Amino acid sequence: MSAEQQGNGPTGLRKDAPPPGSDATQGGADPRPATPSWIRELDMALTVHPQVLLTGNVRDQYLLPDDHAAGSSATLAPYSLGGVIESLCAARGYGALAFLDQVHERITLLRLSATVDQVPEVLREFAERDEKWRRGRDGQGADGSDDEDEPEMLDRLRDAMVGVVHHPGPPIGLVVPYSGRLGSPQAPVAGEAARLFAAAEELGHTARPVQGASAVTPYNTVFWVVERQEELPREFAVGSRAVRVISVPQPPHDQRLAAARHVVGGLSRYQAATGGPALTEAETATAAKALADSSHGMGSSEVMAIGRMALDRNLPVQRLDEAARLYRIGVLDNPWATVELRERIAAGEEFLNGKVIGQPYAVRRTLEIFMRSAAGLNGAQASSSPSRPRGTLFLSGPTGVGKTELAKGVAEMILGKDARPIRFDMSEFAEEHARDRLIGAPPGFVGHDAGGELTNAVRANPMSVLLFDEIDKANPRLFDLFLQILEDGRLTDGRGATVYFTECVLVFTSNLGITAAVMGEPPKDGAGAGDAGGTAGAGGGTGEAGSTGATEVAPRTNRRQLSRHDDPTIVRQSLREAFDAFFNDTIKRPELRNRFGDNFIPMDFMQEKWVPQILDKAIASVAGRVLETHGAELVLADDAWEVLRVEATRRLDHGGRGVLTAVESALVNPLAKEVFRTPPRRGERLRVVAIEGDGDGEGYRLEVERWQG
């Protein structure tokens with residue numbers, strides 16, 4: 001950071017420019033959030049640690065009282081991390097701060113209270129060199145070029161650090177932003193970088209507090225700044241007792257609310273000044289809360305950027321939550337707010353029942369969830385995170401009953417006729433390294449630059465229906481990712497970029513519970529419990545010969561495959577119990593089960609009454625293909641249709657897929673032979689009069705009448 005960037009005030013925090021259409025004044029009750037704990041920790045560290053490592057949310061802005069503002073004590077202003085350091089150092093009596101500027105490869109000096117002769121000689125030299133560079137840049141006679149013998153940047157930084165740490169006083173601070181760019185976290189550093197970190201470690205252990213008049217004096221402090229600790233070079237002595245590691249967290253709700261008030265106050269005044277309606281105090285408070293809620297997981301600078309975006313898009317204060325959505329995913333159109341989507345959901349029962357035959361219960365439950373999303377009440381019961389995905393479905397049921405088809409129908413209903421879900425077959429993600437396939441490999445590993453399949457897909461299509469098929473076959477490590485998506489609506493990929501799932505619909509499928517625990521009849525003649533190796537006797541279970549009490553034998557619990565002949569209530573109960581057991585006992589993630597909440601939807605076995613509808617739909621599809629490919633019309637006589645119905649019913653234990661298999665075996669295969677031998681002419685009509693088989697369901701033959709229509 002240059003001296004220009006740091007400001008010249010001797011006390012207080014540096015105030016950055018507020019967003020357009022806003023200022024720092026807040027009205028009403030004191031809106032100031034409590035001073036963040038990390039700032040208090042940083043202030044304490046100045047007296048007990050010679051070096052401080054700041055990590056985490058270090059590129060944000062922090063809304064704090066403006067010491068430069070006159071009047072109201074409630075005035076807040078946004079400050080950078082450099083401004084926070086400057087304020088704390090000024091309050092502790094530091095004479096100056098030096099900043100490494102990696103853009104121009106310079107070290108700049110900001111004097112807080114010290115005179116020129118009260119700063120280390122090496123910093124004076126850097127200040128003179130910086131002044132020469134500045135004159136050259138401003139066209140004041142000096143050429144601004146580097147001297148031929150000027151040392152490299154790392155040499156300059158090392159010299160500055162030695163000069164700062166050994167300075168007798170007043171105390172000096174050295175700020176090193178982007179510390180992770182000084183070396184590689186994967187490979188050992190060498191040369192000047194190695195000398196730099198070796199010197200830093202030794203100086204940390206040999207540094208002493210500056211002597212002064214007060215009882216407690218600070219150190220000459222070196223401030224290292226990095227977003228992620230793992231970006232630091234290997235040689236950085238992060239475990240040294242001399243280094244205080246301070247994590248700067250994302251702002252909690254009260255700090256985002258202060259930033260939201262900051263934005264809303266300026267926008268409301270701008271709105272009134274340009275002829276818009278003036279907002280009441282209650283409307284302003286409501287708008288600020290809505291912005292704070294919708295910016296969950298963002299920094300204060302992003303909240304203020306949302307204000308600038310709202311101003312640019314000419315959005316009123318009442319629609320700041322829409323600006324937050326636009327900022328988060330970058331999509332202008334919001335299908336959830338359209339009348340068209342509401343109409344499609346209202347007519348969704350007929351639409352989805354046409355797509356997924358035989359599942360009226362599952363369709364009804366699915367539509368309830370999307371009515372909630374279209375009404376803006378998704379996750380309304382959870383005050384912690386309003387940024388959850390728009391909808392979540394966990395579809396459980398036997399194979400072939402339409403779980404995948406329901407996901408496809410949901411995609412068409414929400415996103416349009418040609419939309420399809422983005423499908424992940426979770427049986428392909430059973431290995432431990434499968435996590436990297438979804439979010440991308442970490443830095444330094446093969447495939448790091450490619451990103452993850454899931455994060456790339458959502459980044460490219462922020463509004464998507466994501467289908468995670470056979471989720472129970474995924475590696476247990478992946479469920480931590482799903483927990484974060486369902487709770488916060490976002491993921492950080494292997495490259496450190498955040499991907500938002502706020503506008504997505506997540507569909508999980510499973511056939512857990514089809515093999516169910518059922519209560520059998522008690523074994524006869526006293527067999528059962530004793531057969532398992534235990535002794536069950538009369539008279540209190542002593543097992544003595546000659547005891548005369550009646551023996552009570554409990555029914556045995558065994559397991560069997562559920563079928564379409566079971567009562568639907570029992571099937572649904574079995575599926576739910578298996579769902580709970582999987583998350584509670586198998587993968588031990590009850591918190592993830594709770595995130596699904598009431599979005600678990602059991603799907604029923606296919607019943608015989610639905611066969612005609614599925615059969616007609618399949619036959620229509622075959623006829624459509626014949627018409628499209630050959631220009632001929634295909635129809636079935638009643639007798640042929642009845643043969644297909646009988647064969648489809650015989651295979652109904654495989655669900656709707658069994659019906660389709662029957663059509664393929666008894667109609668498509670023999671029809672293909674007929675068409676292959678004698679291709680139909682365009683306009684010709686083919687009528688399947690009869691379907692004959694050899695009795696075992698194979699080798700079907702067709703009797704076909706053909707004529708030119």
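Bear in mind the structure is a predicted one, so any value in this text is a computation, not a measurement. The first residue in the sequence is number 1, and the count goes up from there.
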Output all residues satisfying salt bridge (charged side-chain N to carboxylate O under 4.0 Å, His left out) with [X], sequence neighbours left out; order by chain, then residue number.
X    : result
R244 : E41
R437 : E428, E453
R59  : E227
R319 : E322

What residues form a side-chain contact (heavy atoms from CB on, under 4.5 Å) with [X], not counting sequence neighbours?
X    : answer
T115 : D117, Q118
A207 : P50, V165, Y219
S113 : none

Are a donor atom and an acceptor atom from the side chains of [X] and [Y] found within less than 3.5 Å of each other?
X    : Y    : answer
D293 : H253 : yes
H104 : D101 : yes
Y94  : T221 : yes

Once side-chain hydrogen bond (donor to acceptor under 3.5 Å, both in side chains) is applied, do any residues pair with [X], and if so which ones, sequence neighbours excluded?
X    : value
D480 : R589
S240 : H205
R92  : D43
S301 : D60

Nearest heavy atoms of L88 and I39, plus distance in Å: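 Looking at all heavy atoms of both residues, the shortest contact is CD1-O, 3.9 Å.
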Minimum heavy-atom distance A324-L291, with the two atoms named: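 Between these two residues, the closest heavy atoms are CB-CD1, 4.4 Å.
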Any residue meeting ring-ring contact (aromatic ring centres under 6.0 Å, His included) with F223, in chain and number order, not counting sequence neighbours: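 With neighbours one apart ignored, the set is empty.
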Sub-6.0 Å ring centroid separation between Y178 and W224: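 No, ring centres 6.0 Å or more apart.
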Side-chain (S80) to main-chain (G83) donor-acceptor, under 3.5 angstrom: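 A pair under 3.5 Å: yes.
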